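Accompanying notes for the structure given below.
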Amino acid sequence: MTKRRNYDTASEAINDLIRRGYSTDFTLITDKNCIICNHSSIELSPDEFEIDEIYRFEGNTDPGDEMIVFGISSEKHQVKGVLVNAFGVYSDNKTSDITKKLHMHL
């Protein structure tokens, strides 16, 4: 993992990651246990990507603000992007299982 940066909000982290080349928007696919690039439909299994950066944000007043922002890269597919996952009250159990796999991949 690269040097950790400090951000006050998830949007700050996302915008900075995009500015630094993490321009692909990834989504978790719970049924397939993978992430997918929303623009090209490339599916990445856990062994096809690296987690470069992780930022966790806890909402002070709104539980909906609780999330994890991942900076992800895949040398195999020549892609870098951002994956955002909610946690806490609004977290989906299936999504949480995939997040555990993402953390284990470190």
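Owing to the predicted nature of the structure, the values given are computational and were not obtained by experimental measurement. Positions are given from 1 along the sequence. When reading the values below, keep in mind they use all heavy atoms of this one structure, side chains included, and skip hydrogens, waters and symmetry mates.
- Judged by distance alone, with hydrogens and angles left aside, the side-chain atoms of N15 form a donor-acceptor pair with the main-chain N or O of S11 at under 3.5 Å.
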Please step through side-chain contact (heavy atoms from CB on, under 4.5 Å) for the pair E53 and R20, ending with a clear verdict.
CA-CA 12 Å; E53 301 179 37; R20 293 185 288 121; 2.8 Å; yes

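- Side-chain atoms of N85 never come within 3.5 Å of backbone atoms of I68 as a donor-acceptor pair (strictly under, hydrogens ignored).
- For the atom pair CG of D16 and CD1 of I18, the computed distance is 9.5 Å after rounding to the nearest 0.5 Å.
- When side chains are defined from C-beta on, F26 does not count as touching N38, because their heavy atoms never get closer than 4.5 Å.
- In this structure, the side chains of V79 and I42 stay at 4.5 Å or more apart for every pair of heavy atoms.
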With side-chain contact (heavy atoms from CB on, under 4.5 Å) as the criterion, how do V69 and L17 come out once you've worked through the C-alpha distance, each side chain's angles and the decisive distance to 0.1 Å?
CA-CA 10 Å; V69 176; L17 284 164; 3.8 Å; yes

Step by step, would you call K76 with E50 a salt bridge (charged side-chain N to carboxylate O under 4.0 Å, His left out)?
CA-CA 10 Å; K76 177 180 178 178; E50 297 296 325; over 6 Å; no

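- For the pair F49 and S73, the minimum side-chain heavy-atom distance is 4.5 Å or more.
- Going from atom SG of C37 over to atom CG of D25 covers 8.0 Å, rounded to the nearest 0.5 Å.
- For the pair V84/I14, a side-chain contact is recorded, criterion being any heavy-atom separation below 4.5 Å from C-beta on.
- To the nearest 0.5 Å, atoms OG (S45) and CD1 (I29) are separated by 13.5 Å.
- How far CE of M67 is from OG1 of T9: 9.5 Å, rounded to the nearest 0.5 Å.
- A salt bridge does not link E12 to R5: none of the charged side-chain nitrogens sits closer than 4.0 Å to a carboxylate oxygen.
- At a threshold of 4.5 Å between non-hydrogen side-chain atoms, the residues C34 and L44 do not count as touching.
- A donor-acceptor pair shorter than 3.5 Å can be found between the side chains of Y22 and D52.
- If you take CG on L83 and CD1 on I72, they are separated by 4.5 Å, rounding to the nearest 0.5 Å.
- Between A13 and Y55 the shortest heavy-atom distance is CB-CD1, 4.3 Å.
- Residues F70 and V82 have side chains not in contact (no heavy-atom distance under 4.5 Å, counting atoms from C-beta outward).
- T24 places a side-chain N or O within donor-acceptor distance of the main-chain N or O of K80, the cut-off being under 3.5 Å.
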